[in-house]
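Notes for the one structure printed next.
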Amino acid sequence: MSEQTQTKDRTQQAGRYEPRAIERKWQARWHADELYRTPDDDPRPKWYALTMFPYPSGDLHIGHWYAMSPSDAHARFMRMRGHNVLFPMGFDSFGLPAENAAIKRHVHPAEWTASNIERMREQLRAMGTMFDWTREVVTSSPEYYRWTQWWFLQLLSHDLAYKKQAAVWWCPNDQTVLANEQVLDGKCERCGAVVAKRDLEQWFFRITRYADELLDFSGLEWPEQVQTMQRNWIGRSEGAELRFGLDAPGADTEEIRVFTTRPDTVYGVTFFVLAPEHPLVARITTDEQRDAVRAYVEATSRETEIDRLSTEREKTGVFTGAYVINKFNGERVPVWIADYVLLTYGTGAVMGVPAHDQRDFEFAKKYGLSIIPVFQHPDWDGGELTQALGHGGRMINSGPFNGTPDEEAIAAVTRYAEERGFGAGTVSYRLRDWLISRQRMWGAPIPIIYCDEHGAVPVPEHDLPVLLPDDAEFRPTGESPLTYHEGFLHTTCPRCGKPARRETDTMDTFMCSSWYQMRYIDPHNGERPFSREQARRWLPVDQYTGGAEHAVMHLLYTRFFTKAARDMGVVEFDEPMRRLFNQGQILGPDGQRMSKSRGNVIAPDDQVERWGADTFRAYLMFLGPWELGGPYDPSGITGVHRWLNRAWNVATGDAGTASLPGAPPTRDLRRWTHKTIAKVTEDIANFRFNTMVAALMEFTNYLTKTRESGEPVDAVAWDDALASLVLMMAPSTPHIAEELWARLGRPYSVHTQSWPEFDPALAMEDEAEVAVQVNGKVRDRLLLPRDAAEDVARERALASEAVAAHVAGKDIARVIYVPNRLLNIVVK
RNA sequence: GCCGAAGUGGCGGAAUGGCAGACGCGACGGUCUCAAAAACCGUUGGGCUUCACGGCCCGUGUGGGUUCGACUCCCACCUUCGGCACCA
């Protein structure tokens, strides 16, 4: 029998790699054995790994796989490294799509949601993740939203929730209110419809109370980008609130306040501007100006937010006929209204300092208002200004402050204002309180009852949950369907027992996701959202992964919730997630976002059917750096599939082994094994999955070559090499690893084994290839003993013909030697 | 406009001061096959040169700089992608 046929027979005996069969087999076994059940009473150090839970839209798409497979691999790695790992999964199942489906197809959102969850749970299982399903959390289940309502009551009783009439963003398409964060470029974040303002009674959470604390990221390993986005969103500005006297016949107040970051420019105020919607506008406008003002206010209200926020367009405004008095110098300046002033920031008013603010400058130029510089800026020659002056120089035209240098000006003027009662130093934020009311049915009902006598009365804790009716009618009306549901609406006042009405708004779904990570630790607790003991054991989350699109909403809200929970005595830490990693976004093969209309959608189920879950998982990791995302190229997956085949063949076949512990091929095998362990360990720990897979491929290629060379190697070293390979594959390709582990005759399960140890002594090469350069250009390569001395290297280099040719006839000016790497001969 | 990330073969990418292109895809050549697919083996940055072995030059968005040595550090600019954007 020839050599060839022998090999063939061995392969046949071992069987071919058939991913679908082994994946089904092991998934069933793991499930039956509860392999991934996370015990609470495990003495090993805990590791809470979390990946953002999905909205149950009906199908797992490639983005879920891209987010979850590497996350799962890392969690599995931590488990093999000796941690008791909690890696749970659930569904963020309240929200608009279910309700829209209900309107369109006349199914109850609960039904639609339940069947979607059912389907997605199966798809998630097919992925081969180590989720502990006994801890599953479904935010739309009464067992969960009961506690969401409990949180609302807690926040209310700690004065962190309140109700007020407010102009709020309204989406005419979704027929609901939106939070500021859900409005992008004046459009609904969800459906793209142009939004408008509406006045409604709404519930808010006092997130602004935590604005300063939310700016503190110390102790958090979060991407700089997310921190920056949150800082920008919170928008902290230091400055002063200054008081101006009001000189308008119709006004009932004598004073108006304005926030400024430049109180030091107050002597340069030549006009004053109010937002067109400012409540004072109607009262201070003089009769002569009334028509013009009214027309302007109306025109503004008709503008879309997009137009209004455009920086390009020319500033417009109208004089009100009123004046204010600058208390610092007694000057009387005109009050205008202009749409570049926003009612929602500061006090809705701006002091116009055209010499030092570009926006004010443009406004003053257009309307012929005077411009008075109050700093002798070094770049300014004293002539007419063509643009506003920046910081720098000493104060001028500023009465007692003349000569004060730029750096001291703000503090000096603020102090003076405080002494004279003209105002005070203060801090202003862009962040607004979090509006949580939604005029929708498929959300957690706000647990409030309205009584004619007692007003808004919280539902007593023991009456929770306030259940959603299962027979509500769905009509797109702009009000919650709960409003029409008599059974839900009518109740009695918890205080007096008289007939009362329930709140019909539900809570923003971001509330559900603000605390879900806390529920996973104790998901079946019927007494509390979670026990104190469990919180001490598991929280906070050690590693969170998810998309950067949640940087300012979910991730800011959950931080707020945690801080509020701490102040309410519910938890004992300050931050919900210690480490955060943002993966990139996976795109269609054409580099565009995947969408049905573009026809570039890759269905994960198809990929799994064709290649198996392991191949698909590993390929998603192999594509490129996880944080970058990028296009999915369906043709490249064959490379990963071939690798798994090679790994299968090398691990299931025989090698020509013997007891040869000291032989050179054995040393080489040991070296490769430990070099790979070092590389893979480092890569997976740092979320560099692409180079991790590449290292495993290289190792597999090396093993294949070694086996095919026919050179005998030591049996123990060979077994160690194969075991190491399989162990290192276990986090990323869990099914084939389990199968190969069994075929190597090792005890079940590969996933409960320890991660292979790296021995630096074994990884050490005893020879090194040293590049020899002449004037920085590589002319030869030498194989030298490890850590060879410089003179040895130099002598060998000069003996090389290729090197000598470039050195001949020249003087050696310098030699740079980097042991084991390079020798550079500098000649003149 | 401001802030951040990125720009490397035909493509995804690797290398963060020391041999550019690891690992893959694709392509080309081969083995097997009636054939195709699959699988496996080999070659593959560009150019010039040599019968051949080989040798030489160029090359990491562009232009400068630092250095014995730069994809990597510094300065200026261009492009792409994110985020923010009249926030007083």
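Naming convention: chains lettered A, B, ... in sequence-line order (proteins, then strands); numbering from 1 in each chain.
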Do the side-chain N or O atoms of A:R231 get closer than 4.0 angstrom to the phosphate oxygens (OP1, OP2) of B:C3?
no
Distance-only donor-acceptor test, A:Q773 side-chain atoms vs B:C68 base atoms, 3.5 Å:
no
Look at all strands and tell whether A:T344 reaches a base, only sugar-phosphate, or nothing, counting heavy atoms closer than 4.0 Å.
nothing
Between B:C86, B:G18, B:C3, which nucleotide gets closest to the side-chain atoms of A:K315?
B:C86
With a 6.0 Å cut-off on the ring centroids, do A:Y367 and A:W336 count as close?
yes
Less than 6.0 Å separating the ring centroids of A:Y619 and A:Y632?
yes
Nearest to side-chain heavy atoms of A:Y345, which nucleotide of B:C23, B:C40, B:A88:
B:A88
Regarding A:K315 and the six-membered ring of A:F363, is the cationic atom NZ or CZ under 6.0 Å from the ring centre and inside 45° of its axis?
no
State the pairing partner of B:G7; accept Watson-Crick or G-U wobble contacts with both distances under 3.5 Å, and report none otherwise.
B:C78
Please tabulate the protein-to-nucleotide N/O contacts below 3.5 Å involving nucleotides 8-10 of chain B, giving atom names and distances.
none

With the 90 degree cut-off around zero defining syn, does B:G9 come out syn or anti?
syn
Using heavy atoms to find the nearest nucleotide of RNA chain B for A:N775 and A:M697 separately, return the residue whose nucleotide is more 5′.
A:M697
Tell me which nucleotide, if any, is Watson-Crick or G-U wobble paired with B:A27 when both distances must be under 3.5 Å.
B:U43
Work out how far the P atom of B:G63 is from that of B:G29, and round it to whole angstrom.
37 Å
Ignoring hydrogens and geometry beyond distance, is a side-chain donor-acceptor pair present between A:H641 and A:T615 at under 3.5 Å?
yes
Does the structure show a Watson-Crick or G-U wobble partner for B:A22, both distances under 3.5 Å? Name it, or say none.
none
Any strand is fair game: report the nucleotide pairing with B:G59 by Watson-Crick or G-U wobble, both distances under 3.5 Å, or none.
none
Hey, which of these two, A:R814 or A:T347, hits RNA chain B nearer its 5' end, going by closest nucleotide?
A:R814
Output side-chain donor-acceptor pairs under 3.5 Å for residues 237-244 of chain A, partner residues at least two apart or in another chain, one line each.
| residue | atom | partner | partner atom | Å |
| --- | --- | --- | --- | --- |
| A:S237 | OG | A:Y345 | OH | 3.3 |
| A:E238 | OE2 | A:R236 | NH1 | 2.7 |
| A:E241 | OE2 | A:R257 | NH1 | 3.4 |
| A:R243 | NE | A:E255 | OE1 | 3.0 |
| A:R243 | NE | A:E255 | OE2 | 3.2 |
| A:R243 | NH2 | A:E255 | OE1 | 3.3 |
| A:R243 | NH2 | A:E255 | OE2 | 3.2 |

With no hydrogens and no angle check, just 3.5 Å: does a side-chain donor-acceptor pair link A:Y267 and A:N326?
no
Identify which nucleotide among B:G18, B:G12, B:C57 has an atom closest to any side-chain atom of A:F622, counting heavy atoms from C-beta outward.
B:G12
Is the ring centre of A:W643 less than 6.0 Å from the ring centre of A:F622?
no
Please give the nucleotide sitting opposite B:C2 as a Watson-Crick or G-U wobble pair, both distances under 3.5 Å, or none.
B:G83
Counting only Watson-Crick or G-U wobble pairs whose two distances fall under 3.5 Å, which nucleotide matches B:U67?
none
Closest to the A:N824 side chain: B:G69, B:C40, B:G82?
B:G69
Taking N and O atoms by type only, does the side chain of A:N232 place a donor or acceptor under 3.5 Å from a partner on the base of B:C84?
no
Minimum-distance nucleotide (side-chain atoms of A:M229 versus B:G83, B:A14, B:C68):
B:G83
Pick base, sugar-phosphate or nothing for A:L623, based on heavy-atom distances below 4.0 Å to the nucleic acid.
sugar-phosphate
Can you list, in residue-number order, the parts of residues 676-695 of chain A that come under 4.0 Å of RNA chain B, counting heavy atoms only?
A:N690, A:T691, A:A694
Are OP1 or OP2 of B:C86 and a side-chain N or O of A:R430 less than 4.0 angstrom apart?
no
Tell me whether A:R430 forms a cation-pi arrangement with A:W233, defined as NZ or CZ under 6.0 Å from the six-membered ring centre and within 45 degrees of its axis.
yes
pair_partner(B:A38), Watson-Crick or wobble, both distances < 3.5 Å, evaluates to none
Any strand is fair game: report the nucleotide pairing with B:U16 by Watson-Crick or G-U wobble, both distances under 3.5 Å, or none.
none
Name the orientation class of the two ring planes belonging to A:F699 and A:Y702 (parallel below 30°, tilted from 30 to 60°, perpendicular beyond 60°).
parallel
Taking the cut-offs as 6.0 angstrom to the six-membered ring centre and 45 degrees off its axis, would you call A:R559 and A:W222 a cation-pi pair?
yes
So which nucleotide from B:G24, B:C3, B:C25 ends up closest to the side chain of A:T638?
B:C25
Are A:M52 and A:T545 packed together at the side-chain level, in the sense that at least one heavy-atom pair is separated by less than 4.5 angstrom?
no
